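Remarks on the structure that follows.
Since we're looking at a predicted model, the values are computed, not measured. Along the sequence shown, residues are numbered consecutively beginning with 1.
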Amino acid sequence: MVLDDHGTMRACTPAAEELLGARVGELIGKPFADLLAEPCEGLLPPDGPATLRHRGGRAVEVRLEVLPLNGGPQVLFLIWAGPVTTAANREQAERGLALLHGAEKLLLGSLDIVRTAEGLARVLVPEYADLAAVDLAEAALVGEEPGDYSLGAPLRRVAVAARSGAWPAELLPVGASLRAREPEKEFVHRGSAPAVPDLSELRIALADDTEGRRRVLPDAANSLLLMPLRARGLLLGAVVLWRCGDRTRFDQDDVELSSRIGSRAAISLDNARRYAREHRTAEALQRSLLPQAVVEVSAADTAGSYVPAGTTTGIGGTWFDVIPLSSCRVAFVVGDVTGHGVEAAAAMGRLRTAVQTLSDMDLPPEELLAHLDDLVVRLSAAEATSPGSDRGQGTVLGSTCVYAVYDPTIGVCTIASAGHPPPVLSVPGRPGADFAAVRPGPPLGVGGLLFEPAELTMEPGALLAFCTGKLLANGGDGAEKRLWQLREQVDAAVQEDRPPAETGRTVLRHLLPEAPDHDVALLMARLHVLPSDRTATWELPADPEAVGRAREMVTAQLETWQLQDLAFTTELIASELVTNSIRYAGGPVGLRLIKDQVLICEVSDPSQTQPRLRRARLTDEGGRGLFLIAQLSQRWGSRYTHHGKTIWTEQPLPAG
């Protein structure tokens, strides 16, 4: 308010526009004429504030302060007006403030929506109420936005608290489902916390409504208060409070305090809801990108386990994979992306897809990791330079991966690692499981040293346990002790001939008694060796006459395996491949048949020129060999070897 030199108001806030032109004495006298001990005429002293007290009966304090402006009119501030402060209401205000601060402190301690609701109930009882129940929308409990309460959105009672410690049997217990009804629906839509100081009318209204009484009417209650939980425009639910016995009933002052508590509680609950949604999304994305847990192929029996972190910040890009390769071989993969959350899970999916694509090229482990390393460098550079990116070097830089290829026909496993722990190896009859002799290279995208492969000869029944480094680092009992526990469990599994799935569950039960800080993956693989009578190998010279001998040997071997139905097509495949090798690559030429879940025919030669399928024109004299092979086989391909290349085909075995 701005006054001129004569004490007349010339400017004010919009709320006081009706008083423009009044003198200060009139201004003060108009609202408080019957309260002032004496009339106030003219300006108040400009040297400081003045306090005017009530005159009998009603206790009202008015604190006024007049401050001069340089060379201009004076300004009048109405600083406070209200009841005179007493010791009783001062103590009540302090208790309310302490309760509010206690609620704020507790509600900031958890991002679990149920624990937050339980904490809220504990704060309110017994300081503020004798009984408290927190009812939340079921959609909010799973992270979704709650529906329209006017349509009877489902609620669940997620937390209760009682001053006596025992929840009344006549009220709905924790876990009970309910739907918003009158009068609760009307109250929560108002957005305020209504108090019902006298429950007499409510008891009469609910006399014949058993369900209604179980919701809101305990026997010992004398008053009720409903606290809506509204945040960011969403109504998450409500808190129902009761006072019992001869305790002071809820009144309008309680409504004001409960509204303040409810608004803070609703923000905490909504944060927990959004956190739950992000956690569920990240975990669902992570699981959708993982393969099936149990994979059984001729080379190995495998069982993979993925354990998500207890928090969204811990869920990242951990993955495992079992990839069948050509000629009965199989690849085992375990990797870990450096980031966390949905972005890390998406990055993991990109790396897993890249590994599957590269494995289809039948690359050796060290070459596959080298290609994957180049991909990570490109991805991290693209992430770092993308508009609006604040992820620095990206979510994939520094990721780790171990890649192993096992060949059951010769019992050799080749392993290479990019910053990842090597697998734990246990061999039957040889006590003492330990890390396989593999030297890990640098993490992906870091650069520096090359990835070194290790070729290990495996015995039948050997067990490989691939895990992420976070499994050994999780918890407070030390990596050495956890590694010892892992070795002990893997060794016991081999000696007792336990299935891989059971071994994986036992390992996780011992190493992860509770939800881990970071997600972990564990892949158990029990290796098999293909019996020698399931393979037949020949070496042929670079002589056209060797083609006829190849057909004869193939026919004879198929008769031994009682696969005469495949003799004609296999002869054509073998003769075409051997002819091409002799004509374009020279000798020696290797020919191998493998009887597995399919019939495999391989031809190897010293050339590293990969064959290419093309469609020959009618006037072409050649170029139809691979097209013929593709028509006769179920699947075909080629891979590089240390001494050249191998072309392979697969044919399904006859039924029965």
Side-chain angles (χ1 to χ4, degrees), residues 103 106-107 109-125 129 131-162 165-191 193-194 206 209-218 221 224-242 258 261-281 283-284 310 312 515:
L106 187 143
L107 292 170
S110 174
L111 282 174
D112 183 280
I113 192 168
V114 174
R115 291 182 182 177
T116 302
E118 292 171 345
L120 175 61
R122 289 195 302 270
V123 166
L124 296 172
V125 175
L131 298 170
V134 183
D135 301 332
L136 297 180
E138 291 190 348
L141 293 175
V142 296
E144 300 297 333
E145 295 187 356
D148 188 352
Y149 283 82
S150 64
L151 302 178
L155 302 170
R156 185 171 297 277
R157 183 152 290 178
V158 297
V160 297
W167 185 247
E170 66 270 17
L171 288 179
L172 291 175
V174 172
S177 297
L178 54 153
R179 288 184 178 271
R181 295 172 47 196
E182 301 292 353
E184 301 99 314
K185 184 169 65 179
E186 178 185 352
F187 288 157
V188 295
H189 274 290
R190 288 182 195 164
L206 298 179
D209 187 352
T210 303
E211 182 183 353
R213 291 199 307 272
R214 294 203 68 197
R215 293 158 56 88
V216 296
L217 204 57
L224 176 150
L225 184 80
L226 196 69
M227 181 193 302
L229 298 171
R230 185 184 296 277
R232 301 182 181 94
L234 299 175
L235 190 59
L236 305 177
V239 181
V240 190
L241 302 171
W242 297 271
S258 66
I261 296 175
S263 63
R264 289 160 173 78
I267 292 296
S268 297
L269 289 167
D270 193 52
N271 288 339
R273 176 193 69 83
R274 297 167 71 186
Y275 178 84
R277 180 177 60 185
E278 182 180 351
H279 184 277
R280 190 178 51 137
T281 301
E283 183 179 344
T312 301

With a 4.5 Å heavy-atom cut-off, do [X] and [Y] have their side chains touching?
X: I261; Y: L124; result: yes
X: L120; Y: R264; result: no
X: R214; Y: P173; result: yes
X: R273; Y: L234; result: yes

Please report the closest heavy-atom contact between [X] and [Y], naming both atoms and the distance.
X: A266; Y: L229; value: CB-C, 3.7 Å
X: P228; Y: L235; value: CB-CD1, 4.2 Å
X: D112; Y: V114; value: OD1-N, 3.0 Å
X: L171; Y: R213; value: CD2-O, 3.9 Å
X: I113; Y: A140; value: CD1-O, 3.6 Å
X: A161; Y: A121; value: CB-O, 3.6 Å

CD1 on I267 to CG on L236, rounded to 0.5 Å: 8.5 Å
Distance (rounded to the nearest 0.5 Å) between L206 CG and E211 CD: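 Nearest 0.5 Å value for the CG-CD distance: 10.5 Å.
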When you measure from the side chain of [X] to the backbone of [Y], do you find a donor-acceptor pair of N or O atoms at a distance under 3.5 Å?
X: W242; Y: V216; answer: yes
X: W167; Y: L131; answer: no
X: R230; Y: G262; answer: no
X: R215; Y: L178; answer: no
X: R156; Y: G175; answer: yes

